[in-house]
Protein chains: 2
Amino acid sequence: MNAKTIDLNQVYAHIDQSWDEHLKRTQKFIQQPSISATNTGIQEMAEMVAGEIRALGGEAQVMPSAGHPIVYGHVDVGAPRTVLIYGMYDVQPVEGEEWLVDPFSGDVVDLERFGPCMVSRGIMNSKGPLIGTFNAMQSLKSVAGTLPVNLKFLVEGEEELGSRSLPAFVEQHKDLLTADAAFFPFYSQDLTGKVVQWLGVKGLVFLELVCRGGDWGGPTTRDVHGMNAVWFHSPTWSLVHALSTMLSADQQHILIEDIYNEVAPPSAEDLELLETLATSFDETTQMKDYEVRRFKYNISGVDLLRRFLYEPSLNIDGLISGHPGEGMKTVLPHEARAKIDIRLVPKMDPSRVVEQVRRHLDKHGFGHIEVRQQSGYPWSKSSVSDQANTAMVETYRSLGFEPEIWPLVSGAAPFYLFTQTLGIPVAMGGLGHGGRQHSPNEYATIEGMKLYEKSAAAFVVNFAAQP
Amino acid sequence: MNAKTIDLNQVYAHIDQSWDEHLKRTQKFIQQPSISATNTGIQEMAEMVAGEIRALGGEAQVMPSAGHPIVYGHVDVGAPRTVLIYGMYDVQPVEGEEWLVDPFSGDVVDLERFGPCMVSRGIMNSKGPLIGTFNAMQSLKSVAGTLPVNLKFLVEGEEELGSRSLPAFVEQHKDLLTADAAFFPFYSQDLTGKVVQWLGVKGLVFLELVCRGGDWGGPTTRDVHGMNAVWFHSPTWSLVHALSTMLSADQQHILIEDIYNEVAPPSAEDLELLETLATSFDETTQMKDYEVRRFKYNISGVDLLRRFLYEPSLNIDGLISGHPGEGMKTVLPHEARAKIDIRLVPKMDPSRVVEQVRRHLDKHGFGHIEVRQQSGYPWSKSSVSDQANTAMVETYRSLGFEPEIWPLVSGAAPFYLFTQTLGIPVAMGGLGHGGRQHSPNEYATIEGMKLYEKSAAAFVVNFAAQP
């Protein structure tokens, strides 16, 4: 069959007509807890995902990984093109959170400002868009008799743990994962309904710097009485001094030698996209959203966006030393730790950055500080002219939305596995709106969930129809 | 009666003969829990202390303070001199600790290396020496019919909370607290049996430096996604930079302007004491005790002791920012805190030091960092020639011990309340050995407890007999 012969209006009508059933299927998907951090319902959820792939006429396997299993599936309809759908079946914990409803109820609640919404853990991030994709493909298949593209599925159960087993799995199963493009289902409308399309993500190096007493000085095995600070070295002070050499006092420049060496300027395409983006980008809204009163830089528009998107950052995520509780306890701690993340822009390399950090510490007299790497992966970029992204833009426009296109975002995700390891572009998105991911009362609007399904169906049809 | 007529050998014999009863009284005192942090048994313990004072024929009151009550007592025997006994009836919590015995059992256990010991919370710090003092005074009274000095008692219930209500109480009740010397009962023998006599203590300023987002930049109300570190300021980085300006990178010099202005060199008497101290002071033992491999300074003997005792220190007791748990969570924290303590040597003034910290931060561009003072009190010094300390040295020698005299220690205690507010010297000590204060299986040797009682009796007799 030819993708061009599929009447998307019929597919949309089918989604509308089947909505009660789609909503029930979504609820069933959401009601299965799947908390990766506590290994709650993980196996059951993986089987449920495999079942959805089989229900589309595909083959599916719940495959072992170093951590939680990864679901691989293939729906081969003999089409010329293949889309690899990347998703996650795990969700964040709900422990200690106060919710309006049972977080695994799949209940629909009328939320002020948003109207009817499903309020449940995972509805936004990301089991909602994933089951929406299955629903959309079912409608497409019902209307057209088949699918316009072959589908492959790569659905992991450790995204909320940093996708720690995914890289080895992708490397090991490159042959299974061949495709023309990857697609990451996502509700991409913001609070105002604006559609945001992201073409790339930054990379991430997450390190723990650990300073303990040793030959260089300081207590080696336990915290000692604070009165000794006058004659023994403090690992905490040493860590503070080390950190202070790594970022300028105005916080505008990373001082780790050579770290900017591989930073690439935005491409001509990116600069053009930035110019357009600057017309709709609003600094004031950004500041209001995050409740900050000023940026680091006295610049705006394209200049500010360039800094935001094309510069690496060095952030302290956590400092741990001594007595964290209320009140006084005078100790000279024998250990201090800093959790730091460095966000990598094109074309920085994570392992080189880790070497640079190590070299910097050594050079400044902090050879005794241990660098423990917890994560490290490169940036990823697709082009707006990649057919997957062209198909996505067409999808949005055909449904009446003009997307705001970001050539890159500051967030990090291991999409290099597609663009670099597998060598295929990534399209992320779909219509729909949700929020409060990683927080109580995570939600998605019912209206948006329906729109998402229509956009997912349109996307594969549009992708199949690319010249 | 004249103190010179008291035969101390008779008193010692009385203590030996009454030992079973003294041990039982000690157990009863120890068995009453008195945890100030949780207000457990505080009122009961205060009443018990008052009862001991009354049993000596004195008057006692459990007096209100801003916190836990303070026991004041007076045993007026019409003697020419009065000793003010300072003590504490509160102890550290035992929650979460594993003990050989019930921590409030008063059980006697044979400990390897030490022999028979009472193992219980508070036996070392400091209910053991306090009840030992009462026992000693009872024996003294039994043998001599009266006491050689009048006694006053000031026994607080918040020492383990930083003596927070004591200064106001002493200020308010100066008239009640007049005396010729203060005495702090304490087991002052170390592991090897050596007697350590301390003539002075450092003062302490305990501050919390709090950096939050505000007009200067940074998120103001909540932690935000770590990707924003590239364009928003980080309160954590700001705190790190601020701290790094306060101490030299070699950790040898505090860089807060003017902080050394009022630091006084050791007096001639102190220098002489240091010379003697250096002959018995052993750097290697110090390093072994604390499990450190080197000092900050490549000096030894008197030079090292001068640094240890006569220089202020700036210590980081705790750093708190962001995500303290295992694993990755990329946040830009909206708040970071450092707990710091500055130890004050003669003749530094705590309020001036706090001003200097504030001025330093302002001058270096950290006006947005809040300085919260949690404690602040000056150093305290007595002279070896003060009659109370002379009496203490005589006591040790008469019982066969040559004390190692420290003109000052690096530890801090609010003894300025005696030396500066009340204008009287402080003698601290007594024989006896105990350990593991603030830790499980706090202990004191039975032999040492008996020796303590003898030394306490001898001390008041020797003090009364001073010319």
Side-chain angles (χ1 to χ4, degrees), chain A residues 162 202 206 213-215 217-222 224-234 236-237 240-241 243-244 247 249 251 290-297 304 307-308 311 313-324 328-332 336 339 341 343 374-375 410-412, chain B residues 162 202 206 213-215 217-222 224-234 236-237 240-241 243-244 247 249 251 290-297 304 307-308 311 313-324 328-332 336 339 341 343 374-375 410-412:
Chain A
K202 289 190 184 177
F206 195 98
D215 289 336
T220 57
T221 54
R222 62 176 200 274
V224 303
H225 195 293
M227 70 178 189
N228 293 293
V230 71
W231 65 359
F232 297 152
H233 292 87
S234 157
T236 311
W237 272 116
V240 163
H241 282 123
L243 287 169
S244 75
L247 188 75
Q251 304 192 12
Y290 288 109
E291 299 185 72
V292 300
R293 299 183 192 146
R294 54 170 295 212
F295 291 92
K296 277 188 201 176
Y297 313 100
L304 183 60
R307 278 266 160 98
F308 183 45
E311 291 226 342
S313 58
L314 171 59
N315 180 43
I316 301 177
D317 301 280
L319 286 178
I320 304 104
S321 171
H323 178 57
M328 291 169 40
K329 186 170 179 180
T330 61
V331 290
L332 166 51
K339 298 182 176 222
D341 77 83
R343 278 167 201 266
Q374 301 207 343
S375 187
S410 191
Chain B
K202 290 191 183 177
F206 195 97
D215 289 337
T220 56
T221 55
R222 60 175 200 276
V224 303
H225 195 294
M227 69 178 190
N228 293 295
V230 70
W231 65 357
F232 297 150
H233 293 86
S234 157
T236 311
W237 273 116
V240 163
H241 282 122
L243 287 169
S244 73
L247 188 75
Q251 304 192 14
Y290 288 110
E291 299 185 71
V292 302
R293 300 184 192 146
R294 54 169 296 209
F295 290 93
K296 278 187 200 178
Y297 313 99
L304 183 59
R307 277 267 159 98
F308 183 45
E311 291 227 341
S313 59
L314 171 59
N315 179 44
I316 301 178
D317 301 279
L319 286 177
I320 304 106
S321 170
H323 178 57
M328 291 170 39
K329 188 170 179 182
T330 61
V331 291
L332 166 50
K339 296 181 179 221
D341 77 82
R343 275 163 206 268
Q374 301 205 343
S375 187
S410 192

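Values in this document were obtained by computation on a predicted structure and should not be read as measured data. Within every chain, numbering begins at 1; the chains are lettered A, B, ... in the order of the sequence lines, protein sequences first and strands thereafter.
- Per-residue heavy-atom pair counts under 4.5 Å with chain A were compared for B:T236, B:I316, B:L304, B:T220, and the maximum is reached by B:I316.
- Residue B:V240 comes nearest to A:S244 through the heavy atom pair CG1-N, 3.9 Å, listed as atom of the first residue, atom of the second, then distance.
- For chain A, the nearby parts of B:F308 are the backbone and the side chain; heavy atoms of each come within less than 4.5 Å.
- Between B:M227 and A:Y290, the shortest heavy-atom distance links the atoms CE-OH, 3.4 Å.
- Residue contact with chain A, scored on non-hydrogen atoms closer than 4.5 Å, involves the side chain of B:Q251 exclusively.
- Chosen from B:D341, B:V224, B:L247, B:T221, the residue pairing most often with chain A at heavy-atom distances under 4.5 Å is B:L247.
- For the residue pair B:R343 and A:T330, the shortest heavy atom distance occurs at NH2-OG1, 3.3 Å.
- Contact annotation for A:F206: only side-chain heavy atoms (C-beta onward) come within less than 4.5 Å of a heavy atom of chain B.
- Most heavy-atom pairs under 4.5 Å with chain A, from the set B:S375, B:G213, B:G217, B:S410: that is B:S410.
- Of all heavy-atom pairs spanning B:L332 and A:N315, the tightest one is CD1-OD1, 3.8 Å.
- Comparing B:A412, B:A336, B:A229, B:S321 by heavy-atom pairs within less than 4.5 Å of chain A, the highest count is held by B:S321.
- Between chain A and the options B:Q374, B:H233, B:H225, heavy-atom pairs under 4.5 Å are most frequent for B:H233.
- For B:D215, the parts lying near chain A are the backbone and the side chain together; criterion is any non-hydrogen pair under 4.5 Å.
- Nearest approach of B:W237 to A:L243, heavy atoms of both residues: CZ3-O, 3.2 Å.
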Quick one, B:D317 with A:H323, criterion side-chain contact (heavy atoms from CB on, under 4.5 Å). Give me CA distance, side-chain angles, the key distance, then yes/no.
CA-CA 6 Å; B:D317 301 279; A:H323 178 57; 5.8 Å; no

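- With chain A as partner, the option from B:E311, B:K339, B:R307 having the largest number of non-hydrogen pairs under 4.5 angstrom is B:K339.
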